[in-house]
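One structure is given here, and the rest of the page talks about it.
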Amino acid sequence: MELQTKRLILRAWKESDAEALYKYARNPNVGPIAGWTPHTSVENSREIIKAVLSAPETYAVVLKETGEAVGSIGIMTVRSEIHSAKIANNECEIGYWIGEPYWGQGLIPEAIREILRHAFEDLHLSSVWCGYYDGNEKSRRAQEKCGFIYHHTEHNKPVPLLNDFRTEHFTKISQQEWRATSLVAMKEVDVHKNNKT
């Protein structure tokens, strides 16, 4: 399965992405705020591709311009080994991260919007959940930009990969809310086009 946006290709991780993954995932500013430890070597990244990033509906965020994997985004369902939200059978949770050089460029919101389209149109899910740890303002803003609405906060949530406990905030968007925000966005694009002519 491959998904595309204006600037990105979302595709399955390959073992040949290990060097690119290590380049971005070794940065201590990236993993810990998302709940995982920095990668320690190319080999460590290769093992994580095989063991974790090979899960269904897990995508490398690849720049069309360079073909390099610079982040990851994925859908977790009730059947997934890892998910943080309490989700029903017809719901999912999404998680994501991107390498620090690409922060603030709107790439993750672009990837999230395509994953939402895929979740609602292709997988016919009813709602999508997302979470962010207390203090991760970049993640909160990305979720707000994509129409997620604050739902609740959970305190003392275990963070198994870091052997830690944190406060996690959860947001959610339903298929109806997504359709409404998508229609508004399309109307804004049309208005913008009409103003240009």
Side-chain angles (χ1 to χ4, degrees), residues 3 8 10 13 21 24-25 27-39 48 51-61 70-100 102-120 123 125-178 180-182:
L3 305 170
L8 302 170
L10 307 179
W13 281 92
L21 176 58
Y24 300 111
N27 182 340
N29 295 333
V30 174
I33 58 168
W36 45 271
T37 53
H39 293 195
I48 287 168
V52 180
L53 299 176
S54 60
E57 297 291 345
T58 302
Y59 301 90
V61 176
V70 297
S72 190
I73 190 163
I75 289 174
M76 295 155 285
T77 65
V78 171
R79 289 175 298 284
S80 303
E81 276 183 46
I82 303 167
H83 59 83
S84 192
K86 292 175 181 73
I87 48 181
N89 280 330
N90 59 345
E91 299 178 330
C92 74
E93 179 181 355
I94 63 167
Y96 51 81
W97 64 268
I98 195 162
E100 191 171 11
Y102 302 99
W103 290 2
Q105 295 178 28
L107 291 165
I108 278 296
E110 193 173 310
I112 291 171
R113 286 187 191 101
E114 177 56 18
I115 287 290
L116 286 175
R117 185 207 61 73
H118 173 55
F120 292 131
L123 304 179
L125 295 170
S126 64
S127 295
V128 177
W129 291 83
C130 206
Y132 61 93
Y133 291 120
D134 211 32
N136 190 347
E137 289 303 302
K138 285 180 177 57
S139 195
R140 180 183 64 80
R141 282 198 303 275
Q143 290 167 41
E144 282 176 358
K145 276 181 193 168
C146 296
F148 282 85
I149 297 158
Y150 171 78
H151 190 273
H152 72 281
T153 295
E154 293 180 24
H155 301 282
N156 293 316
K157 276 289 273 195
V159 187
L161 297 174
L162 295 177
N163 210 8
D164 193 8
F165 291 85
R166 291 190 186 167
T167 295
E168 188 170 8
H169 306 284
F170 288 93
T171 63
K172 184 181 184 182
I173 186 169
S174 69
Q175 188 174 132
Q176 291 86 338
E177 288 160 347
W178 173 76
T181 55
S182 298

Exercise. Is there a donor-acceptor pair closer than 3.5 Å between any side-chain N or O of S139 and the backbone N or O of N136?
Worked result: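 No, S139 side chain to N136 backbone: no donor-acceptor pair under 3.5 Å.
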Exercise. Taking E57 for the side chain and M76 for the main chain, is one N or O donor matched with an acceptor at less than 3.5 Å?
Worked result: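 Side chain of E57 to backbone of M76, a donor-acceptor pair under 3.5 Å: no, none is there.
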Problem set entry | Steps toward side chain to side chain contact (heavy atoms under 4.5 Å, CB included) verdict (L10, V61) | CA-CA 5 Å; L10 307 179; V61 176; 4.0 Å; yes
Quick one: closest heavy-atom pair of [X] and [Y], and the distance?
| X | Y | value |
| --- | --- | --- |
| S72 | L53 | OG-CD2, 3.8 Å |
| W103 | K138 | CE3-CE, 3.3 Å |
| V78 | I87 | CG2-O, 3.3 Å |
| R117 | L3 | NH2-CD2, 3.8 Å |
| V70 | W97 | O-CZ3, 3.8 Å |
| C92 | A119 | SG-CB, 4.4 Å |

For this session: Before accepting this row, confirm whether a basic side-chain N of the pair E144/R141 lies closer than 4.0 Å to the acidic partner's carboxylate O.
Result: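 Salt bridge absent between E144 and R141.
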Gap between atom [atom2] of [Y] and atom [atom1] of [X] - 0.5 Å precision:
| X | Y | atom1 | atom2 | result |
| --- | --- | --- | --- | --- |
| R166 | H155 | CZ | NE2 | 15.0 Å |
| I94 | I173 | CD1 | CD1 | 9.5 Å |
| K157 | D164 | NZ | CG | 13.5 Å |
| L116 | T181 | CG | OG1 | 8.0 Å |
| I73 | T58 | CD1 | OG1 | 10.5 Å |
| D134 | R140 | CG | CZ | 11.0 Å |

So do the side chains of [X] and [Y] get within less than 4.5 Å of each other, counting heavy atoms only?
| X | Y | answer |
| --- | --- | --- |
| F148 | I112 | yes |
| P38 | P32 | yes |
| T77 | L123 | no |

For this session: Run the numbers on V128 and F120 for side chain to side chain contact (heavy atoms under 4.5 Å, CB included), then give the verdict.
Result: CA-CA 9 Å; V128 177; F120 292 131; 3.6 Å; yes
Exercise. What residue among Q143, K86, H152 forms side-chain contact (heavy atoms from CB on, under 4.5 Å) with F170?
Worked result: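 Only match with F170 under side-chain contact (heavy atoms from CB on, under 4.5 Å): H152.
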Exercise. Taking the inter-plane angle between the rings of Y59 and H118 on a 0 to 90° scale, is it parallel (under 30°), tilted (30 to 60°) or perpendicular (over 60°)?
Worked result: perpendicular
Exercise. Checking side chain to side chain contact (heavy atoms under 4.5 Å, CB included) for the pair R113/K145: CA distance, chi angles, key distance, verdict?
Worked result: CA-CA 9 Å; R113 286 187 191 101; K145 276 181 193 168; 4.0 Å; yes
For this session: Write out all pairs satisfying salt bridge (charged side-chain N to carboxylate O under 4.0 Å, His left out) with one or both partners inside residues 168-178, taking only residues at least two apart or from two chains.
Result: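 Listed once each, the pairs are E91-K172.
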Exercise. Does atom CG of N29 have more than 12 heavy-atom neighbours from other groups under 6.0 Å away?
Worked result: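 Yes, enclosed.
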For this session: Show the numbers, then the answer: is there a side chain to side chain contact (heavy atoms under 4.5 Å, CB included) between W36 and V52?
Result: CA-CA 12 Å; W36 45 271; V52 180; over 6 Å; no
